[in-house]
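See structure below.
As the structure is a computational prediction, the values presented were derived from the model and not from experiment. What's counted below: heavy atoms across the whole structure, side chains too, no hydrogens, waters or symmetry copies.
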Amino acid sequence: MVEYTIRGYVGSDYEVVRELFSHGMSEYVPSVCLHVVTRPWVLFAMVCLFLSLLFSSKSIILPVLAVTLALAVGRHVLGYIWSLYIDHCLREDLQDIEKTYMKDQGSHFWVADIEDSVVGTVAAKPSDDRQDELMLKRMSVRKDFRGLGIAKALSREVIGFARQRGYRSVVLNTLMVQREAQKMYESVGFRKSEEYELPTVYGKLVNFTISKYRYDITAAK
């Protein structure tokens, strides 16, 4: 059994924390692409493209190549959009982790260590919606160290922190492609409280949904 420790963030963790977040989020690109491709209107467009080229060229090769090219271009575009989101996060709260999470008593940033190497992260800060809510953010565990209970331990660290600071609940957001993360949060005691589409043209176009999860501190006592 691999042993790990959970501790507070220090300045020397900066680069590895940002890299861990970037790599973890980049893993969702294939799932995002699959989600978009399986939207009814996208499937309909692909079928129309295939059939129109098949009947006009009377060759199977051209429509197959055209659909393959369209899917490749689509994946590239989606990957680029996803990278913009990652860059936005890196320029937001992860730009100055110490200032964002370590200066105020109501927020904190933790890392999970294995043999002096950071393999997991999680952060918490007051929710923008309610003063008695703590928002869990930036959960990430290196791929080769998943399945060891690190994410659950980090989640419980945030719950314990919330309880000590007098928060009534811990909340977090997940995307529709983060199914494994959703199962993990549910196993810790979080429950889905809300689900909504990303309020943008792109979000509505591809049915990009966000699920909000909640852990009630008072109910869990």
Side-chain angles (χ1 to χ4, degrees), residues 2 4 6 9 16-38 78-79 81-90 92-94 97 100-101 107-114 118-125 127-129 133-162 167 169-198 202-203 206-217 220:
V2 178
Y4 57 85
I6 296 176
Y9 167 89
V16 67
V17 163
R18 286 165 57 87
E19 182 181 0
L20 187 60
F21 170 78
S22 297
H23 286 177
M25 291 302 294
S26 297
E27 292 176 18
Y28 289 109
V29 171
S31 297
V32 171
C33 292
L34 181 62
H35 174 81
V36 173
V37 167
T38 54
L78 288 171
I81 294 173
W82 197 252
S83 71
L84 291 179
Y85 168 72
I86 294 174
D87 289 342
H88 170 74
C89 296
L90 292 175
E92 197 182 31
D93 60 306
L94 294 178
I97 300 171
T100 305
Y101 293 107
S107 57
H108 202 72
F109 198 104
W110 296 264
V111 300
D113 268 347
I114 292 180
V118 175
V119 299
T121 66
V122 74
K125 60 184 299 188
S127 169
D128 294 331
D129 298 329
E133 281 184 351
L134 186 69
M135 174 71 74
L136 185 153
K137 299 169 66 72
R138 307 313 179 210
M139 172 71 78
S140 186
V141 177
R142 265 178 54 180
K143 192 172 184 178
D144 46 342
F145 288 98
R146 292 171 192 168
L148 301 175
I150 295 175
K152 290 182 180 181
L154 288 168
S155 299
R156 293 187 180 107
E157 196 75 28
V158 174
I159 292 169
F161 178 84
Y167 289 99
S169 60
V170 179
V171 295
L172 60 93
N173 292 325
T174 64
L175 303 175
M176 73 287 169
V177 295
Q178 296 177 302
R179 296 182 184 86
E180 291 301 318
Q182 291 172 353
K183 291 178 183 177
M184 183 277 295
Y185 288 125
E186 289 170 359
S187 72
V188 174
F190 284 88
R191 295 291 176 264
K192 186 186 293 187
S193 59
E194 186 181 354
E195 188 172 87
Y196 58 93
E197 281 187 345
L198 191 67
Y202 170 76
V206 299
N207 190 30
F208 205 89
T209 58
I210 297 173
S211 296
K212 186 172 184 177
Y213 281 76
R214 175 185 301 277
Y215 183 101
D216 291 316
I217 302 294

With a 4.5 Å heavy-atom cut-off, do [X] and [Y] have their side chains touching?
X: Y28; Y: L175; result: no
X: K137; Y: D93; result: yes
X: V111; Y: V17; result: yes
X: E133; Y: Y167; result: no
X: D129; Y: K212; result: yes
X: V188; Y: I159; result: yes

Which heavy atom in [X] sits nearest to a heavy atom in [Y], and how many Å separate them?
X: V29; Y: G79; result: CG1-CA, 4.2 Å
X: M25; Y: W82; result: O-NE1, 2.7 Å
X: S22; Y: S26; result: O-OG, 2.8 Å
X: A123; Y: W110; result: C-CZ3, 4.3 Å
X: I6; Y: A153; result: CD1-CB, 3.6 Å
X: L20; Y: V118; result: CD2-CG1, 4.4 Å

Could you tell me the separation between the [atom1] atom of [X] and the [atom2] atom of [Y], rounded to the nearest 0.5 Å?
X: L134; Y: H108; atom1: CG; atom2: NE2; value: 11.5 Å
X: Y215; Y: S193; atom1: OH; atom2: OG; value: 15.0 Å
X: N207; Y: T38; atom1: CG; atom2: OG1; value: 9.5 Å
X: Q178; Y: M184; atom1: CD; atom2: CE; value: 10.0 Å
X: I97; Y: R138; atom1: CD1; atom2: CZ; value: 10.0 Å
X: L154; Y: S140; atom1: CG; atom2: OG; value: 10.0 Å

When F109, Y9, F21 are each screened for side-chain contact (heavy atoms from CB on, under 4.5 Å) with T121, the one that passes is F109
Any donor-acceptor pair under 3.5 Å linking the side-chain atoms of [Y] with those of [X]?
X: T209; Y: E197; result: no
X: E195; Y: S211; result: yes
X: D113; Y: Y4; result: no

Would you indicate whether D144, at its atom CG, is surrounded by more than 12 heavy atoms from other residues, nucleotides or ligands within a distance under 6.0 Å? yes
Is the closest basic N to carboxylate O distance between [X] and [Y] below 4.0 Å?
X: R191; Y: D216; value: no
X: K192; Y: E186; value: no
X: E27; Y: R142; value: no

Is the distance between the ring centroids of Y213 and F190 under 6.0 Å? no
Check the pair V36 / L78 against side chain to side chain contact (heavy atoms under 4.5 Å, CB included), numbers first and verdict last. CA-CA 9 Å; V36 173; L78 288 171; 3.9 Å; yes
Start with the C-alpha gap between M135 and D128, add the side-chain angles, then the distance that decides, and say whether side chain to side chain contact (heavy atoms under 4.5 Å, CB included) holds. CA-CA 8 Å; M135 174 71 74; D128 294 331; over 6 Å; no
